[in-house]
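Since this is a predicted model, take the numbers as computed values, not measurements. Letters go in sequence order (proteins before strands), and every chain restarts at 1.
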Amino acid sequence: MPELPEVEVLVRHLAPVLANRIIRDVEVRRAKILRPTSERQIRDRLRGARIAGVSRRGKYLLFTLEGARTKAPFQLVGHLGMTGRMYLQPSAAPLPKHTAVAFDLGDARFVFEDTRYFGRLTLDTTAIAALGPEPFDEAFSVDYFATALRRSAQSIKVKLLDQSLVAGVGNIYASEALFCAGISPRLAARRLAREQVERLRETIRSVLDEAIGLGSTVPLNWGAETGERNGLFYYGLTSGTSRYYEERLRVYDRAGEPCVRCGVSIQRLVQAARSTYYCPGCQTGRRVTAKIKPAKIS
DNA sequence: CACCATGTTCCTTG
DNA sequence: CCAAGGAACATGGT
């Protein structure tokens, strides 16, 4: 679930339900996700703290907390990795199998579960500082984008995954944005023409914006464990809508299906060890000159 | 058993 | 030193 739109939708749902709540206790089931913060540091810092706000930077969640005694605000940084989820559940409900961390909020529990444990919940904010501009910020200007791309020999698809270029685009929306812009994922970043840079900047924004819009209207599964609509937020989809997002994607995971724009079969290719989906019929651009790997002599 | 998976961070190679 | 590529991380679904 976690690219910028999913994180944004999650933040919008979490912010009102977490605001002003006090963290009474912290249960750490998988200390590794706190890295480099220790379990003890987290507990000492968070116990008794008030959640002043929840926001987002790129794919990171930012929890602004206020210390129990000092009242000095500080930030707790979260990242969902590939499979992370965060939601509130009744205190009495059993913790899910892959719970990484859970906050005791008194009348409810805030759970961070992550099947693959690639996520993070930490006091270390250095990753945030390395992020590029937010896609919707004016700092993500055509000039900035063009200049940054001009310096890279990487394929444009791989470059879009670089969080220091622009924050929040992941593997799914990189393919989607390039499809909408009609640009081949294999085109070297530095080879994009000015008008392609302009178009791509626009489609990055529109694709992300559209996804946020869809996500905001997805019916959420309230009180999934108990069937009660008690105001506790559960991040997930109600049954029957599990493919809601996927059905709105134009090329991602659609290898072999006809392109919605020109009918040519969607292709899958691997770049930097990750899948890229694109339409060879209407996504143009010269591809990056193939590097010839010299034969290795044992 | 094989391969695939929404992400980031190391380590190696060039 | 830098850029690029790949493996590792950990678990589950086809």
Side-chain angles (χ1 to χ4, degrees), chain A residues 1-10 29-36 56-61 77-86 96-100 112-122 124-132 148-178 186 188-190 204 207-208 211-212 214-215 218 235-237 242-256 268-277 288-297:
Chain A
M1 281 202 318
E3 290 188 34
L4 185 152
E6 292 74 29
V7 179
E8 176 62 28
V9 169
L10 174 60
R29 288 278 186 94
R30 185 66 70 115
K32 198 174 251 182
I33 71 116
L34 305 176
R35 223 169 8 144
R56 178 191 63 71
R57 177 78 171 89
K59 303 172 193 171
Y60 291 85
L61 292 119
V77 175
H79 195 292
L80 299 172
M82 297 266 268
T83 53
R85 289 159 174 264
M86 293 182 182
K97 184 179 179 185
H98 298 295
T99 298
F112 175 21
E113 76 160 306
D114 185 1
T115 312
R116 292 169 73 179
Y117 301 109
F118 287 173
R120 281 289 172 86
L121 195 64
T122 179
D124 175 32
T125 60
T126 54
I128 304 294
L131 294 174
L149 294 183
R150 217 176 294 137
R151 283 179 291 184
S152 176
Q154 275 182 312
S155 66
I156 184 60
K157 156 60 167 39
V158 174
K159 194 65 193 165
L160 287 181
L161 301 181
D162 179 352
Q163 301 300 296
S164 72
L165 171 69
V166 56
V169 177
N171 204 42
I172 291 174
Y173 296 110
S175 282
E176 294 294 311
L178 285 166
R186 309 215 242 198
R190 61 162 65 124
I204 286 169
V207 154
L208 296 177
I212 291 169
L214 290 170
V218 169
Y235 193 85
L237 304 175
S242 63
R243 286 191 55 78
Y244 196 92
Y245 282 115
E246 296 79 24
E247 283 166 10
R248 259 107 193 128
L249 298 176
R250 295 163 175 85
V251 285
Y252 186 82
D253 204 24
R254 290 186 180 278
R268 169 184 182 269
L269 69 125
V270 175
Q271 295 178 290
R274 312 202 63 192
S275 292
T276 298
Y277 297 86
V288 183
T289 309
K291 258 190 189 166
I292 312 235
K293 211 174 192 175
K296 189 158 195 174
I297 302 161

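The separation between Ile128(A) atom CD1 and dT9(B) atom P is 10 Å, rounded to whole Å. One interatomic measurement links the two molecules: CZ of Arg274(A) to C1' of dT6(B), which rounds to 7 Å at whole-angstrom precision. Computed from coordinates, the Arg56(A) CZ to dG7(B) C1' distance equals 16 Å when rounded to whole Å. A straight line from CD1 of Ile156(A) to C1' of dA4(C) spans 15 Å, rounded to a whole angstrom. Taking atom CD of Gln271(A) as the reference point, atom P of dG5(C) lies 9 Å away to the nearest angstrom. Atom pair Tyr60(A):OH and dT6(B):P shows a separation of 17 Å (rounding to whole Å applied). Look at CD1 on Ile172(A): it is 7 Å from P on dG7(B), rounded to the nearest Å. Going from atom CG of Leu249(A) over to atom P of dA5(B) covers 14 Å, rounded to whole Å.
Note on His79(A): a side-chain N or O is less than 4.0 Å away from OP1 or OP2 of dT8(B). Phosphate contact (OP1/OP2 of dA10(C), side-chain N/O of His98(A), threshold under 4.0 Å): absent. Note on Lys159(A): every side-chain N or O is 4.0 Å or more away from OP1 and OP2 of dA4(C). Note on Thr115(A): every side-chain N or O is 4.0 Å or more away from OP1 and OP2 of dA10(C). For dA10(C), one of the phosphate oxygens OP1 or OP2 lies less than 4.0 angstrom from a side-chain nitrogen or oxygen of Lys32(A). Between Arg30(A) and dT11(C) there is a side-chain polar atom (N or O) within less than 4.0 angstrom of OP1 or OP2.
Rounded to the nearest Å, the gap between the P atom of dT14(C) and that of dT6(B) is 15 Å. Straight-line distance between the P atoms of dA10(C) and dC11(B): roughly 15 Å, to the nearest whole Å.
Side-chain contact between Arg120(A) and Val77(A) is absent, with no heavy atoms from C-beta onward closer than 4.5 Å.
In this structure, OH in Tyr60(A) is found 7.5 Å from CD in Gln163(A), a value given to the nearest 0.5 Å. In this structure, CG in Leu61(A) is found 5.5 Å from CG in Leu80(A), a value given to the nearest 0.5 Å.
Judged by distance alone, with hydrogens and angles left aside, Arg116(A) brings a side-chain donor or acceptor within reach of the base of dA5(B), the pair sitting under 3.5 Å.
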Next item on the list: List the steps and the verdict of salt bridge (Lys or Arg N to Asp or Glu O under 4.0 Å) for Arg56(A) and Glu8(A).
Entry: CA-CA 7 Å; Arg56(A) 178 191 63 71; Glu8(A) 176 62 28; 2.7 Å; yes
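The partner of dT6(B) is absent, by the rule that a Watson-Crick or G-U pair needs both atom distances under 3.5 Å. Using the Watson-Crick or G-U wobble rule with both distances under 3.5 Å, dA10(C) pairs with nothing in any strand shown.
Side chain to side chain, Glu6(A) and Tyr173(A) meet the donor-acceptor criterion of an N or O pair below 3.5 Å.
Per the stacking criterion (ring centres < 5.5 Å, plane angle < 30°), Phe118(A) does not stack onto the base of dT8(B). No aromatic stack links Tyr117(A) and the base of dA10(C), using centre distance under 5.5 Å and interplanar angle under 30°.
Listed nucleotides dA5(B), dG5(C), dG7(B) differ in distance to Arg268(A); the shortest reach to its side chain belongs to dA5(B).
Annotation: of the two residues near DNA chain B, Ala273(A) and Leu161(A), the 5′-most nearest-nucleotide partner is Ala273(A).
Counting all heavy atoms, side chain and backbone alike, Gly119(A) lies closest to Asp114(A) at N-OD2, 2.7 Å.
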